[in-house]
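We number each residue from 1, following the sequence as shown.
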Amino acid sequence: MLLGTVLVLLLAGAAPASAHAALRSTDPDDGSLVRQAPRHVTLTFTESVGLLDDSFRVFGPDQRRVHTGEATHADGRSDTARVGLPGKLAEGTYTVAWRVVSADSHPVSGAFSFSVGKRSATTGQIDTGPAEDPLTRGLYDGARYLAYLAAALLVGTVAFALLCRPAHTAPLRRPLVAAWWTLLGSTAVLLLLRAPYEAGTGPAAAFDASALGRTLTGRPGLALLGRLLVLLLTAAFLLWLSRRRDSVKRPVALAIGTALAAALALTWAAAEHASAGIQVPAAMTSSVVHLLATGVWLGGLVALLLTLRRSSGDDLVEVVPRFSRIAFASVTVLAVTGLYQSWRGLGSLSALSGTSYGRLLLAKLAGVAVLLLVAGYSRRWTARIAAPAAAARAAVPAPVPQPVGAPAEGHEAAEGPGTGELGASEAGESPGEPESPDGPVGPGPGSGDPGIRHRLRRSVLVEVAVAALVLMITTVLTGTLPSRAEAEAAQQAPVGALPPTTEITVPFDTGTDSVTGSGKVLVTLDPARVGENGLQAVVYGSDMGLVAVPEVRITFTLPSREVGPIDAELADRGGYWSTNSVNLPLAGNWTMKTTVRVSDVDQVSVERRVRVEP
């Protein structure tokens, strides 16, 4: 019930997405020349995006910011962003800088340009919006790392107490309380810093009431609120468990604890990479299970380390082997879910070395390999400790049946169940388990050997240190663009810079004395690559003013391959000549021949070299 409530809270309105939004198209088109000023600027993305107060910044030909309306979704579609423009725009080139939040909670930004009437002679550097504030990013990533550590410790400590059943759980109280408060504090910090993190501003913006209100209505904010709710319920569960420890049934405690841990893990899965991309339901399930296994193993290591320092050898004979079996199961789960998540994030084997995400994943795998190597040594010392208990159990004869209510032979009936804090018996067994007819099994040479306990404690300490490093890499990895999404974004139109156009100035002189008899033609070829290209030609007279001429003709020839001439078939657009369908089939150095006819008898042709990229 709890898991379902949190799932509905976090996934309301969620749609399939592709992890980090990529810009699919713009209206007006990137690099286009339009005759009339558009009323809106509309962006279409590969996934749903969230809008910010400053999602659009439009700059005119003079590089001054243009007043725009409020950013909205076009026609109610969550994968679009639209902003209104003023009724009258001056002629020239306009730059649009944008910033939105993708479905996996990470902000993305870029820029493009379009021209009204004519292109500006020069364009200034594109302002892509506020740069990412390093202090905000550092604080946000630090809080995320602390949240991961605290969640692993919280889940692992409770799981260790319920599953491994140490006789004394008092040593676990302090790390349990510290983990709860750390997770609560880091979650609150993340909630406050979410708005400046999205906008790329300084930490002071965290106290902007309107920005905080917007955060609380977005999916990342809802996920953090859900985490706070789960933490409050977890505190109530732990208090209830400690006050009624003698009467709580272990299966009930395990069921409630598992539901709370799963709900806690869901607050990460619902707002990060698992919530966007392919196979979202399977990915979120895998992410939740992966996070739980991480907590049970790595958080349990800390609990085991404290138990090794505080407990007697008799207690370790049962506790250490139990945790060893649980840790082995957790590692198996981590291997399966980690393999799936790696495939989903990478997309191809080449991405392992060719992308930042892949290289970080390799670093994480290397850390996990070291962790498993150290864990192998820990299992050796665990087997030494468990050996006496196994030998004692093998030597115990079958118990003689006794009348109901009769005490066991050889000793008197216990006066009452000596239970630990979470309901476990002091002997390390659950209530109702029979003792040996010859009395409690005493510590063997393995469990009582200080040397073995010291080596195991040292090995576990190394595991904890390496695990902290692995979690740090994981924190960075979850904030990095997945390789699969990077490949998808690379297939989209280039974003964040001026369009890859080629501008060629072609001077001409027909030998006449008129204003139109000489001047220049400014030719723009976009994108100057193999395939369909757009071409615009603007004619300037000798006084550098725009002039109208009877005809402008441009042809392309590739001498090295004996291709051409290819006629661009320009059309008069009333002030300039253009076409959107010049097909240049091969890469190379093409010869562009521009013919300008200024009268019925006066014309001139000029050739220029143009590089066409693959």
Exercise for the section: Walk me through it: do Val596 and Val521 pass the test side chain to side chain contact (heavy atoms under 4.5 Å, CB included)? Expected result: CA-CA 9 Å; Val596 181; Val521 181; 3.6 Å; yes

Handout entry: Contact check, side chains of Ser578 and Thr524, non-hydrogen atoms, under 4.5 Å
Key = no

Completion exercise
Shortest non-hydrogen pair, Gly60 vs Val66, comes out as N-CG2, 3.7 Å

Fill in the blank from the handout: In this structure, CZ of Arg194 is separated from CG of Leu191 (nearest 0.5 Å) by 10.0 Å

Handout entry: Min side-chain heavy-atom separation Leu225-Leu216 under 4.5 Å
Key = yes

Exercise for the section: Measure from the side-chain N and O atoms of Ser32 to the backbone N and O of Asp29, and report whether any donor-acceptor pair falls under 3.5 Å. Expected result: yes

Problem - Nearest-0.5 Å distance, CG of residue Asp62 to OH of residue Tyr94 - result: 8.0 Å

Practice task
Heavy atoms only: give me the nearest Leu85-Leu89 pair and the separation to one decimal.
Solution key: CD1-CD1, 4.0 Å

Handout entry: Main-chain N/O of Thr201 paired with Thr136 side-chain donor or acceptor, under 3.5 Å
Key = yes

Practice task
Would you indicate whether Glu551, at its atom CD, is surrounded by more than 12 heavy atoms from other residues, nucleotides or ligands within a distance under 6.0 Å?
Solution key: yes

Handout entry: Distance-only polar pair, side chains of Thr267 and Arg227, donor-acceptor under 3.5 Å
Key = yes

Handout entry: Side-chain heavy-atom pair Val612, Leu586 within 4.5 angstrom cut-off
Key = no

Handout entry: Contact check, side chains of Thr594 and Glu607, non-hydrogen atoms, under 4.5 Å
Key = no

Exercise for the section: Would you confirm whether Thr26, through its side chain, and Pro28, through its main-chain N or O, come within 3.5 Å as a donor-acceptor pair? Expected result: yes

Problem - Expected output: side-chain Thr294 to main-chain His290 donor-acceptor under 3.5 Å - result: yes

Handout entry: 4.5 Å side-chain heavy-atom contact, Thr591 and Pro559
Key = yes

Exercise for the section: Hey, can you tell me if Phe556 and Trp590 have their rings parallel, tilted or perpendicular (30° and 60° cut-offs)? Expected result: perpendicular

Exercise for the section: Output yes when a side-chain donor or acceptor of Ser55 lies under 3.5 Å from a complementary backbone atom of Arg99, and no otherwise. Expected result: yes

Problem - Minimum-distance pair of heavy atoms, taken over all atoms of Ala269 and Ser287 - result: CB-OG, 3.6 Å

Handout entry: Non-hydrogen side-chain atoms of Val549 and Trp577 separated by less than 4.5 Å
Key = yes

Practice task
Please lay out, stage by stage, how Asp54 and Arg65 fare under the test salt bridge (Lys or Arg N to Asp or Glu O under 4.0 Å).
Solution key: CA-CA 12 Å; Asp54 206 23; Arg65 187 168 179 178; 2.6 Å; yes

Problem - Interatomic distance, Glu91 atom CD to Arg35 atom CZ [nearest 0.5 angstrom] - result: 11.0 Å

Practice task
Count the heavy atoms belonging to other residues, nucleotides or ligands that lie under 6.0 Å from CZ of Arg553, then report whether that count exceeds 12.
Solution key: no

Practice task
Measure the shortest side-chain to side-chain distance between Pro86 and Arg39 over non-hydrogen atoms and say whether it is less than 4.5 angstrom.
Solution key: no

Fill in the blank from the handout: Rounded to the nearest 0.5 Å, the OG1 atom of Thr68 sits from the NE2 atom of His40 at a distance of 11.5 Å

Practice task
For the pair Thr595 and Phe508, evaluate side chain to side chain contact (heavy atoms under 4.5 Å, CB included) and give the outcome as yes or no after the intermediate values.
Solution key: CA-CA 9 Å; Thr595 300; Phe508 68 92; over 6 Å; no

Problem - side-chain hydrogen bond (donor to acceptor under 3.5 Å, both in side chains) evaluation trace for Thr93 with Ser115 - result: CA-CA 4 Å; Thr93 300; Ser115 301; 2.9 Å; yes

Exercise for the section: Hey, can you tell me if Phe45 and Trp98 have their rings parallel, tilted or perpendicular (30° and 60° cut-offs)? Expected result: perpendicular

Practice task
Decide yes or no for Leu52 and Val101: does some side-chain heavy atom of the first lie under 4.5 Å from some side-chain heavy atom of the second?
Solution key: yes

Problem - Test item: side-chain donor near acceptor, Thr42 and Arg82, under 3.5 Å - result: yes

Handout entry: Closest non-hydrogen atom pair between Val96 and Phe114, with its separation
Key = CG2-CE2, 3.8 Å

Problem - Residues Met592, Val506; criterion side chain to side chain contact (heavy atoms under 4.5 Å, CB included); working and verdict - result: CA-CA 10 Å; Met592 183 184 74; Val506 183; 4.0 Å; yes

Handout entry: Ile554/Val523 under side chain to side chain contact (heavy atoms under 4.5 Å, CB included): CA gap, chis, key distance, verdict
Key = CA-CA 10 Å; Ile554 296 179; Val523 180; 4.0 Å; yes

Completion exercise
Scanning both residues in full, the closest heavy-atom pair of Leu291 with Ala265 reads CD1-O, 3.6 Å

Handout entry: Leu43 CG to Leu51 CG distance, which is reported to the nearest 0.5 Å
Key = 9.5 Å

Fill in the blank from the handout: Between Trp268 and Ala151 the two heavy atoms that sit nearest each other are CH2-CB, 3.5 Å

Exercise for the section: Would you check if the side chain of Ser286 reaches a backbone N or O of Ala282 as a donor-acceptor pair within less than 3.5 Å? Expected result: no

Exercise for the section: Scan side-chain atoms only and decide if Thr80 and Thr44 contain a donor-acceptor pair under the 3.5 Å cut-off. Expected result: no

Practice task
State plainly whether the residues Asp75 and Arg77 are in salt-bridge range, i.e. N to O under 4.0 Å.
Solution key: no

Practice task
State the OH-CD1 distance between Tyr145 and Ile473, to the nearest 0.5 angstrom.
Solution key: 9.5 Å

